[in-house]
Amino acid sequence: MTSAGLQGIALATMVVDHVGLAFFPEAVWLRWVGRVSFPLFLFLLSEGFVHTSHRRRYALRLALFALVSEGPYQLFVYGGFRALPCQNVFFALLCALLALGCVERGGLWWLGGAGLAVAAELLGMDYGAYGILLAVCFFLFRGSLPGTVASLGACTGAYCLAHQGWVQGWAIAAAVPLALYNGERGRRLPQYVVYGFYPAHLLLLGLLRWWG
């Protein structure tokens, strides 16, 4: 399976999750399916961090779409601005990318990565420190399927224990497509199409949920 395949699964399971949250809250299995999405996005982020030659542009794109997505996100979840900003997943991905930069430099820079994980938790970003820690693990165990799967299980288990709920435990199912990954890029959608899909579908679902 190419990274394009992982991207397609991540997008599809994300939509399933959000449709379930918005319109079928009693269908818990839709949320189970949706748990696969975030680990795959983090894995693709770690791969992108390694392969891109324009990391600053990568970070700026994430920051731009984080700002663009916050309104649609809060509309979708709360029906309007009712919480602290920095909650949508792009903020978590941006922090994860910056943490990878710190880890790659090594030494005291690891403290910067730890600080980003703490900030993600305190600011209420999507998934909090879990996203930063899992992205770092994917980076450190890159090329090792046992390490990737073990870190996915360990980080997910810790998240479930910390939040005293086991729905996120279904994220371990992401190990299946990760095990099939062949390291090739494939025919991926343009980045701006993928990034723009996130706020666009949240806006549509939010409008249908609250005003439809």
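The analysis underlying the following values was restricted to heavy atoms, covering all of them including side chains, and did not include hydrogens, waters or symmetry mates. The model shown is predicted, which means the values in this text are computed figures rather than measured ones.
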| request: Look only at the side chain of Thr52 and the backbone of Gly48, and say whether a donor-acceptor pair between them is shorter than 3.5 Å. | output: no

| message | Suppose we screen for ring pair (Phe, Tyr, Trp, His ring centres under 6.0 Å). Which residues come up paired with Phe139, at least two apart in sequence or across chains? | response | Phe49

| Ring centres under 6.0 angstrom apart (Phe90, Tyr195) | yes

| field | Note, Phe197 side chain near Val193 side chain (heavy atom, < 4.5 Å) | value | no

| If every non-hydrogen atom of Trp210 is compared with every non-hydrogen atom of Leu75, which pair is closest and at what distance? | NE1-O, 2.6 Å

| said: For Phe76, is there any backbone N or O sitting under 3.5 Å from a side-chain donor or acceptor partner on Arg209? | reply: yes

| Closest non-hydrogen atom pair between Ala175 and Leu152, with its separation | N-CD2, 3.7 Å

| field | Student check: side-chain heavy atoms of Phe141 and Val136 closer than 4.5 Å | value | no

| Quick one: do Leu140 and Leu145 end up in the same hydrophobic cluster if we chain Ile, Leu, Val, Met, Phe, Trp and Tyr together by side-chain heavy atoms under 4.5 Å apart? | no

| Heavy-atom closest pair, residues Glu121 and Ala129 | OE1-N, 2.8 Å

| said: Is it the case that the side chain of Asn88 and the backbone of Ala66 share a donor-acceptor pair, with hydrogens and angles ignored and the cut-off at 3.5 Å? | reply: yes

| said: Can you confirm whether Cys160 sits close enough to Tyr130 that some side-chain heavy atom of one is under 4.5 Å from a side-chain heavy atom of the other? | reply: no

| query | Roughly how far, to the nearest 0.5 Å, is the CD atom of Gln191 from the CD atom of Gln7? | reply | 8.5 Å

| said: Are Val50 and Leu133 connected into the same hydrophobic cluster when the rule is that any two of I, L, V, M, F, W, Y join if their side-chain heavy atoms are below 4.5 Å apart? | reply: no

| message | Let me confirm one number: the CZ-CG distance from Arg35 to Leu30, rounded to the nearest 0.5 Å. | response | 11.0 Å

| remark: Taken in chain and number order and not counting sequence neighbours, the residues that satisfy ring pair (Phe, Tyr, Trp, His ring centres under 6.0 Å) with Phe43 are Phe138, Tyr181

| From Trp170 CH2 over to Thr156 OG1, what is the distance, rounded to the nearest 0.5 angstrom? | 13.5 Å

| In one Ile/Leu/Val/Met/Phe/Trp/Tyr side-chain cluster, 4.5 Å: Val19, Leu204 | yes

| task | Start with the C-alpha gap between Leu208 and Phe23, add the side-chain angles, then the distance that decides, and say whether side chain to side chain contact (heavy atoms under 4.5 Å, CB included) holds. | result | CA-CA 9 Å; Leu208 291 175; Phe23 305 113; 3.8 Å; yes

| Separation between CG of Leu202 and CD of Glu70, rounded to the nearest 0.5 Å | 10.0 Å

| Quick check: are there more than 12 heavy atoms from other residues, nucleotides or ligands sitting under 6.0 Å from CG of Leu108? | no

| So which heavy atom on Ala10 is nearest to which on Ser37, and how close? | O-OG, 2.9 Å

| query | Is there a path of hydrophobic side-chain contacts, each under 4.5 Å between heavy atoms of I, L, V, M, F, W or Y residues, that connects Leu189 with Tyr58? | reply | yes

| request: Would you indicate whether Gln164, at its atom CD, is surrounded by more than 12 heavy atoms from other residues, nucleotides or ligands within a distance under 6.0 Å? | output: no

| query | Can you tell me how far the CZ atom of Phe38 sits from the CG atom of Asp17, to the nearest 0.5 Å? | reply | 12.0 Å

| message | Would Leu178 and Val149 count as a side chain to side chain contact (heavy atoms under 4.5 Å, CB included) here? Give the steps. | response | CA-CA 8 Å; Leu178 290 177; Val149 173; 5.8 Å; no

| request: Start with the C-alpha gap between Gln87 and Val77, add the side-chain angles, then the distance that decides, and say whether side chain to side chain contact (heavy atoms under 4.5 Å, CB included) holds. | output: CA-CA 10 Å; Gln87 292 205 11; Val77 176; 5.9 Å; no

| said: Does any part of the side chain of Val194, heavy atoms only, come nearer than 4.5 Å to the side chain of Arg188, both counted from C-beta? | reply: no

| task | Output the distance between atom CG (Leu44) and atom CZ (Arg185), rounded to the nearest 0.5 Å. | result | 10.0 Å

| query | Is the side chain of Thr13 donor-acceptor paired with the backbone N or O of Gly34 at a distance under 3.5 Å, no angle test? | reply | no

| request: Give the C-alpha distance, both sets of side-chain angles, the deciding distance and a yes or no for side chain to side chain contact (heavy atoms under 4.5 Å, CB included) between Asp126 and Tyr73. | output: CA-CA 10 Å; Asp126 217 3; Tyr73 177 88; 4.0 Å; yes

| Would you find a donor on one side and an acceptor on the other, under 3.5 Å apart, between the side chain of His201 and the backbone of Tyr198? | yes

| request: For Ala117 and Ile132, work out which heavy atoms get closest and say how close. | output: CB-CG2, 3.9 Å

| task | Tell me who clusters with Phe91, hydrophobic residues only, linked when side chains sit under 4.5 Å apart either directly or through other members. | result | Leu67, Leu123, Met125

| message | When you measure from the side chain of Arg31 to the backbone of Ala27, do you find a donor-acceptor pair of N or O atoms at a distance under 3.5 Å? | response | no

| In terms of hydrophobic clusters joined by side-chain contacts under 4.5 Å, are Leu60 and Val89 together? | no

| Whether over 12 other heavy atoms sit under 6.0 Å from Phe24 CZ | no

| request: For the residue pair Val103 and Trp109, establish whether any side-chain heavy-atom pair is separated by less than 4.5 Å. | output: no

| remark: Closest non-hydrogen contact found for Ala4 with Gly186 is CB-C, 4.0 Å

